[in-house]
Amino acid sequence: MPVTTVPPPARSMTPVETARVAAAARAAAERWRRVPVGERSEAVSEVWRRIYQRRAELYKVVHSETCKPLVEFEAMELCPTDLIVKYFASNARRILEEAPADKSWIMANKRAFVRWLPRGVVGLITPWNFPFLIPFGDSVPALMAGNAVLIKPSEWTTRTMLWTADAVQGTGLLPEGLFSVATGDGSVGRQVLQTSDMVLFTGSTRTGRAVAQEAGGLLKPVVLELGGKHPMIVLRDAAVPRAARAAVWGAFANCGQVCVGIERALVEDEIHDRFVAAVRAEMGRLRQGLGGTGVDVGRLIFPPQFERVMDQLEDARSKGATVIGGEVADADNLMIRPALVLGATLEMKVMREETFGPVLPVMKVSCAEEAVRLANDAPYGLAASIWSADLDRAESLAASVEAGMVGVNDCLSHYAVPSLPFGGVKSSGLGRRHSEEGLRMFCSSQAVLTHEWPASMPDPWWYPYESWKSRLLEWIQRLT
Ligand code: NAD
């Protein structure tokens, strides 16, 4: 029997077990909402510091489920988490501070302000590609905002969150149940949706639609972070060495399993051959293996991805593309060699459907406008990038690209700037994580209006409706 590093999916909790976990989260939320935001932030930051001290153990668990290279785990799971914790710890009090409202002089005798109240239990339904960063990173603002989290990790990467929940509990810094994990498949996800006060869902567009429909029926707030098809627009004046290395890293990092990963390169014809030559040279230096050190590219994590990637490569070949790489290195371990698809066209699945694997299709375009048109000719609108020496032109061109996030001579870095909103348009989702918006979404706003003076008199627009009141109201409107 071949040795496989792909663990089976986790057993699903029964509805009774899930309900028990959800009840513990709800009880903890009741206590936690009364803790001042500064204390909440300090406690969560300290929890993170203690987990970070145990990062070698954490890597072992993440590796057992994903076979990620060590540096990739450090760069793409640990570092962004650290930046998220530090951003929200420094800003949560300011963002959640009660804010006075602008008001007209006719309301001068009243106080008006907005306060941000925790929602209660926040359900985090998460995928398998970043089994630590996504659930833990999203817990940070949810907890600092005063909620409990009920996490439903992917059934394919459950151990990481079970380890994390145990580590969080071990610190003794958070109430029991505040960081709760419900394990299993989509049926457990549905129960998490039903028992939470709000859900942040990260996953495929297909499941996202089902979650949105169910949340609509329940009138439950839901934020959706879904799939993408990152177009990399390489203009003729781009710095080829940086663009080519970015293409290789942006397409193959995490073995291509990154929602904002580069999924298609649209390259101006004048620069195309130089770009492709540099990409091929860079690809030739990649080392692939089952994680650890001295490895750049790992394996696929989710078994059905293997067929999907192979099918897209076969479809591209059958429609006339030249595929360089893309061989099966180790089927039992879901390992496919990074693939460059030259001569890609819009008829190919690899240019239209999310691949989520180590595949970089390249298509020639005649000008920047054509590149933008093709970039927008997709159902997705998560991340995009523009590569050019003219930064002003690239930034202005970006405004025509239908994407929630655009990099100029940059890719896959938005997560590391948590003051930026992260999310997509079109079929890539609804709402944003990170930034001020991504903290306040875990709260409901409460608008408070307090009458101060004169304490005993009615307001003039109350009963009785006399004719002099019409004149008064007209006069007030003229003066406002
Ligand atoms: P998926 O949609 O299959 O599953 C995501 C989660 O939803 C899992 O925990 C799953 O068990 C759960 N689930 C399944 N059916 C459900 C239902 N009916 N109700 C509630 N929960 C349900 O996605 P996946 O294969 O785990 O992840 C890959 C996808 O995630 C890719 O499309 C990728 O682009 C996307 N993704 C997006 C982002 C982002 O921030 N936009 C980040 C990472 C991954």
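All heavy atoms count here, side chains included; hydrogens, waters and symmetry mates do not. Order of appearance sets the numbers: ligands from 1, and atoms from 1 within every ligand.
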Counting only N and O atoms by type, is there a donor-acceptor contact under 3.5 Å from the side chain of [X] to the main-chain atoms of [Y]?
| X | Y | value |
| --- | --- | --- |
| Thr355 | Gly357 | no |
| Glu65 | Ile301 | no |
| Arg245 | Glu282 | no |
| Asn147 | Phe442 | yes |
| Glu263 | Phe356 | yes |

Run the contact test for [X] against ligand 1 with a 4.0 Å cut-off on heavy atoms, strictly below, and give the result.
| X | result |
| --- | --- |
| Arg433 | yes |
| Thr126 | yes |
| Val188 | no |

Heavy-atom distances under 4.0 Å decide this one: backbone, side chain, both or neither, for [X] against ligand 1?
| X | value |
| --- | --- |
| Ser204 | both |
| Pro153 | backbone |
| Leu382 | side chain |
| Gln257 | neither |
| Ile125 | side chain |
| Asp185 | backbone |
| Thr205 | neither |
| Arg206 | neither |

Taking the six-membered ring of Tyr52, is the NZ or CZ of Arg49 close enough (under 6.0 Å from the centre) and on axis enough (within 45°)?
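No, Arg49 does not lie over the aromatic ring of Tyr52.
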
Using a strict cut-off of 4.0 Å, indicate which atoms of ligand 1 neighbour a heavy atom of Ser154.
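Taking each heavy atom of Ser154 in turn, ligand 1 has 9 (O) under 4.0 Å.
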
What atoms in ligand 1 come closer than 4.0 Å to a heavy atom of Pro127?
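Taking each heavy atom of Pro127 in turn, ligand 1 has 24 (P), 26 (O), 27 (O), 43 (C), 44 (C) under 4.0 Å.
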
Which residue, Arg119, Arg26, Arg33, forms the salt bridge (Lys or Arg N to Asp or Glu O under 4.0 Å) with Asp197?
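The single option meeting the salt bridge (Lys or Arg N to Asp or Glu O under 4.0 Å) with Asp197 is Arg26.
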
From Trp128, Phe201, Phe302 - option closest to atom 25 (O) of ligand 1 by heavy atom:
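Closest candidate by heavy-atom distance is Trp128.
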
Option set Tyr380, Phe356, Phe422, Tyr415, criterion heavy-atom distance to atom 28 (C) of ligand 1, minimum
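Shortest heavy-atom distance from atom 28 (C) of ligand 1: Phe356.
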
Of all the non-hydrogen atoms in the protein, which one sits nearest to atom 34 (O) of ligand 1, and at what distance?
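Result: Glu354 OE2, 2.6 Å.
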
Is the ring centre of Tyr380 less than 6.0 Å from the ring centre of His230?
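No, ring centres 6.0 Å or more apart.
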
Taking NZ, NE, NH1 and NH2 as the nitrogens, is one of them in Glu214 or Lys220 under 4.0 Å from a carboxylate oxygen of the other?
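Not counted as a salt bridge, because no side-chain N and carboxylate O are separated by less than 4.0 Å.
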
